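In what follows, chains carry the letters A, B, and so on, assigned in the order in which the sequence lines appear, proteins first and then strands, with residues in each chain numbered from 1. Treat the numbers as computed from the prediction; the structure is a model and nothing was measured.
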Amino acid sequence: MTVLGLDASRGGFSAAVRRDGRTAGEASLPGAVALEAGLGAVAEAMRAAGATAHDLDRIAVGIGPGSFTGTRIAISYAKSLAQGWQIPLCGVDSFDAIEAGAPNGTPILAVVRGRPGIVVLRLHAEGGIERSSGAVASALDALRGLRAGALTLVAGDAEDVLPALGERGLAVRVFPLAFSSPAQAIAQVAAQREPARSLHEIRADYGEPGA
Amino acid sequence: MRSRRGGPQGRHVGIRLCVQRADMVYHVRERIFAKTMERTFYTEAELLAFAGEIARELRRGDVIALSGPLGAGKTAFVRGVVAERLDVDPVSSPTFTFWHRYARDGRIPVDHLDFYRIDNPRDVRELGLEAAFDGDSIVLVEWWERAPELLPPVRWEVDIAGSGDQPRRLAVRRPDTA
């Protein structure tokens with residue numbers, strides 16, 4: 001299974017080719033200017049992996065939440081490539097990418113930075129999955145599954161929520177992301193999923209209700 | 001800053017090679033080679049530099065137990081170690097986080113634990129924090145006195161005295177210094 005992953009939802013633009021569970025080629029560009037050079041990063045990742053469009057089994061794209069503009073641009077690139085190359089496309093949200101390779105156990109709190117002062121949270125607990133967004137305090141308060149007495153695994157933009165978690169008396173374990181770029185994580189997650197039946201199914205997830 | 005006298009590692013290579021069982025190595029190292037050294041620092045930069053110096057000697061599985069009052073510089077010491085080992089500047093809030101792992105491709109991860117909020121040592125086990133001591137990483141523990149039995153008997157102990165504008169007096173008990 002060879003997957004090309006693209007992501008611009010979590011800062012900069014990253015592209016990666018994962019082949020049978022290993023990263024074969026990768027390119028990351030930092031900053032907003034990276035968005036315009038994103039296709040160059042795709043070409044570089046493909047070149048580093050020695051891959052052509054014919055080698056790809058699917059394309060994976062980060063659908064957010066995260067950067068509004070970045071997410072839309074990456075999805076546009078990914079849809080164009082998928083249509084042009086006739087390759088199935090798979091959308092992966094930022095939370096699944098953050099959780100990829102996480103230590104075993106729940107609850108897991110994945111944190112994504114949204115607009116300034118806004119976080120988008122997903123809590124994956126025994127009782128199920130909850131999401132919230134907003135200013136840190138209100139977003140945390142909205143998660144009913146967050147409770148003291150358990151060790152909450154936290155990943156993503158964890159620094160944004162750590163003091164507030166401490167104030168709530170929660171025991172926290174912060175773990176680093178298992179992949180060095182979002183594109184790698186997205187490609188890894190997509191390798192274990194069914195791709196979308198239609199390109200129209202892939203939509204940006206802006207993380208905030210009504211957005 | 002003065003450099004430490006002598007290089008301790010070379011002298012003990014033979015012992016480590018001779019004694020195969022890890023627990024025996026620990027036993028020997030603890031009984032014979034534990035020694036305390038003391039340093040005084042007048043700035044945080046000096047303390048960070050010293051932490052970096054210690055960091056260069058740490059190996060996978062090493063545990064550093066940090067003690068000292070609030071504001072003494074325990075977290076600064078951790079920052080110095082993490083910066084030296086992983087070339088990153090951790091920004092996590094002290095006394096709020098129980099367990100923070102810092103990692104970077106190909107390097108030994110560093111686990112930072114803080115037991116400040118531990119009221120009962122039993123909490124530590126219930127939370128599964130002992131998994132941090134599996135020997136896979138370098139572990140630094142703040143407020144370790146709140147659950148001392150969780151730490152391996154062989155460990156570095158760093159006690160920091162002083163707070164506010166006072167100079168900091170560090171007492172380092174190292175497990176492998178002759």
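Within 6.0 Å of CZ on B/R107 lie more than 12 heavy atoms contributed by other residues, nucleotides or ligands. The environment of A/E126 atom CD is sparse: at most 12 non-hydrogen atoms of other residues, nucleotides or ligands sit within 6.0 angstrom. A 6.0 Å sphere centred on CZ of A/R115 holds no more than 12 heavy atoms belonging to other residues, nucleotides or ligands. The number of heavy atoms from other shown groups lying within 6.0 Å of CD (A/E194) does not exceed 12.
For A/L170, the part sitting under 4.5 Å from any heavy atom of chain B is the backbone (N, CA, C, O) and nothing else. For chain A, the nearby part of B/L129 is the side chain; its heavy atoms alone come within less than 4.5 Å. Residue A/A150 touches chain B through its backbone alone, counting heavy-atom pairs closer than 4.5 Å.
Contact record, B/L127 with A/L151: O-CD2, 3.2 Å, taken as the closest heavy-atom pair. Considering all non-hydrogen atoms of both residues, B/R117 and A/G169 come closest at NH1-CA, 3.9 Å.
In this structure, CG in A/L165 is found 11.5 Å from CZ in B/F98, a value given to the nearest 0.5 Å. One distance of note links CH2 of B/W99 with OG1 of A/T152; it measures 13.5 Å at 0.5 Å rounding. Considering CG of B/D105 and CZ of A/F179, their distance stands at 11.0 Å, rounded to 0.5 Å. The line from NE2 of B/H100 to CZ of A/R173 is 11.0 Å long, rounded to the nearest 0.5 Å.
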